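Here the structure is a predicted model, which means the values were calculated and not measured.
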There are 2 protein chains.
Amino acid sequence: MSDHERGGTDGGGRRVRVLLADDEHLIRGALAALLALENDLLVVAEAASGPEALAMARAHRPDVAVLDLQMPGKDGVAVATELRAGLPACATMIVTGHGRPGHLKRALAAGVRGFVPKTVSAQRLAEIIRTVHAGNRYVDPELAADAISAGDSPLTAREAELLELAADGAPIAEIAARAALAPGTVRNYLSSAAAKLSAENRHAAVRVARERGWL
Amino acid sequence: MSDHERGGTDGGGRRVRVLLADDEHLIRGALAALLALENDLLVVAEAASGPEALAMARAHRPDVAVLDLQMPGKDGVAVATELRAGLPACATMIVTGHGRPGHLKRALAAGVRGFVPKTVSAQRLAEIIRTVHAGNRYVDPELAADAISAGDSPLTAREAELLELAADGAPIAEIAARAALAPGTVRNYLSSAAAKLSAENRHAAVRVARERGWL
DNA sequence: GAGCGCACGTGACAAATGTCAACCGGCCCA
DNA sequence: TGGGCCGGTTGACATTTGTCACGTGCGCTC
């Protein structure tokens, strides 16, 4: 993959070394080009998947990792979690197309310092990279508001787990088998989950939970 | 990038006028910047939603409209359809994150001349814009292969319609009311659709149909 | 025009699903 | 220590859903 690292000509101080990870080449390339216009930023590595992002991070030790939420292999939050452990000096931030409230919560729990939708401008993104690099946090106000209004998941661990198993439309019997539970028990959890989400049935419940990012 | 002489040709000639429509500012802006590097392309308008794209197209009369598939208001195919009617001189192409086979079919039926995933490079995109502007068609080979292997939808119009109504997990009674049909009839169509898609039940059927782009 | 295939539409019946009341065990607090 | 509360677990029962057999009408072929 491309390696734009240029030796020491950084004029004034050291530039902020950035890792870009996004599976859509078009966007990643375009982003790299735009960030290159900023004098104090330097894109040192690019990756198209989660594992590749990790490898690149280890090889190039960036100051800030800009990760797409949805990538093949590992998603952005998973990468951030491993980065936190393996390369604590590297700040992480997530960029996402359509952010769900639950993702934000998960990301913050993983130690991510920035969370922005792809609707921001490149200018703004550059500023946010600086903010994050300075040790501060930045969360898109709209996403934050959504997350707050959506609140915490009312589901118990078991309910969420069974809802997950129900997500692909499998019949109760199959879910029961996969969870090693009696069918009645499964029905009960799903019923309870649906009630908490004020959904008509488990399928609608799955939809609601997904929307809120609780799944 | 390079100073590659581009189709040198219309020295002083007219550039290809391009409309960019994508709801993600980051990507749209970045794309505009990259396409600006091409000597023979000129981004004359940008839009962040379906309706805005139409308005922009009417105002600026571009040669090629590059449309994101998923946008607020109207999706890319809907915009392409209206463009075809209102501005026949304008070629349309769709750019999409994760393309489903059915979308491609729908797009081609709407007169779209290019269909590419966002994993292509900007360089490649520029070439494709030229291809489309020259009156030719371009479809990403991988997406085309998927579409062919997925084949046509086996669903009848009625089945697809009811499956659509069932998509949000509504109970049969509600679907029946919305479709002005007897509940038994609704069950029958959905059952038939599920059988054709070899799905366990209507919810799984919705998932399968969505995946294949038949919904 | 008769026969055939296909999509539409319906109701009866069986199977799957959702609702309810109940039991058990751990935890907190008086 | 005992009681109340919460989450996990289960089976009985009513409702919803899926399956089946049936009838209708349209367009095609022979």
Mind running a 4.0 Å heavy-atom check of residues 161-180 of chain A against DNA chain C and sending the residues that fall below it, in number order? A:P171, A:I172
side-chain contact (heavy atoms from CB on, under 4.5 Å) with B:H133: which residues, sequence neighbours excluded? B:V16, B:D63, B:V64
Throw together a table of side-chain donor-acceptor distances under 3.5 angstrom for residues 168-180 of chain A, partners on residues two or more places apart or in other chains.
none

Listed pairs under 3.5 Å, donor-acceptor, residues 114-121 of chain B side chains, sequence neighbours left out:
from: B:K118; atom 1: NZ; to: B:D22; atom 2: OD2; distance (Å): 3.3
from: B:S121; atom 1: OG; to: B:R124; atom 2: N; distance (Å): 3.2

Non-neighbouring partners of A:E161 that pass salt bridge (Lys or Arg N to Asp or Glu O under 4.0 Å), sequence neighbours left out: A:R158
Please give the angle, rounded to 10 degrees, between the axes at the start and the end of the helix from C:dG1-D:dC30 to C:dA30-D:dT1, where five pairs define each axis. 20°
side-chain contact (heavy atoms from CB on, under 4.5 Å) partners for B:R137, two or more places apart: B:L108, B:R113
Using a heavy-atom distance cut-off of less than 4.0 Å, which residues of residues 201-208 of chain A contact DNA chain D? none
Provide the full list of ring-ring contact (aromatic ring centres under 6.0 Å, His included) pairs with a residue in residues 180-209 of chain B, sequence neighbours left out, each pair given once. A:H203-B:H203
Check every nucleotide of DNA chain D for an atom under 4.0 Å from a heavy-atom of chain B, then give the first and the last such nucleotide from 5' to 3'. D:dT17 to D:dA21
Kindly give the atom pairs (protein nitrogen or oxygen, nucleotide nitrogen or oxygen) under 3.5 Å for nucleotides 5-9 of chain C.
from: C:dC8; atom 1: OP2; to: B:T156; atom 2: OG1; distance (Å): 2.8
from: C:dC8; atom 1: O5'; to: B:Y189; atom 2: OH; distance (Å): 3.4
from: C:dG9; atom 1: OP2; to: B:R158; atom 2: NE; distance (Å): 2.8
from: C:dG9; atom 1: OP2; to: B:Y189; atom 2: OH; distance (Å): 3.1

Identify all side-chain donor-acceptor contacts of residues 72-88 of chain B below 3.5 Å with residues at least two apart in sequence or on another chain.
from: B:D75; atom 1: OD1; to: B:V77; atom 2: N; distance (Å): 3.2
from: B:D75; atom 1: OD1; to: B:A78; atom 2: N; distance (Å): 2.9
from: B:D75; atom 1: OD2; to: B:R106; atom 2: NH2; distance (Å): 3.1
from: B:T81; atom 1: OG1; to: B:V77; atom 2: O; distance (Å): 2.9

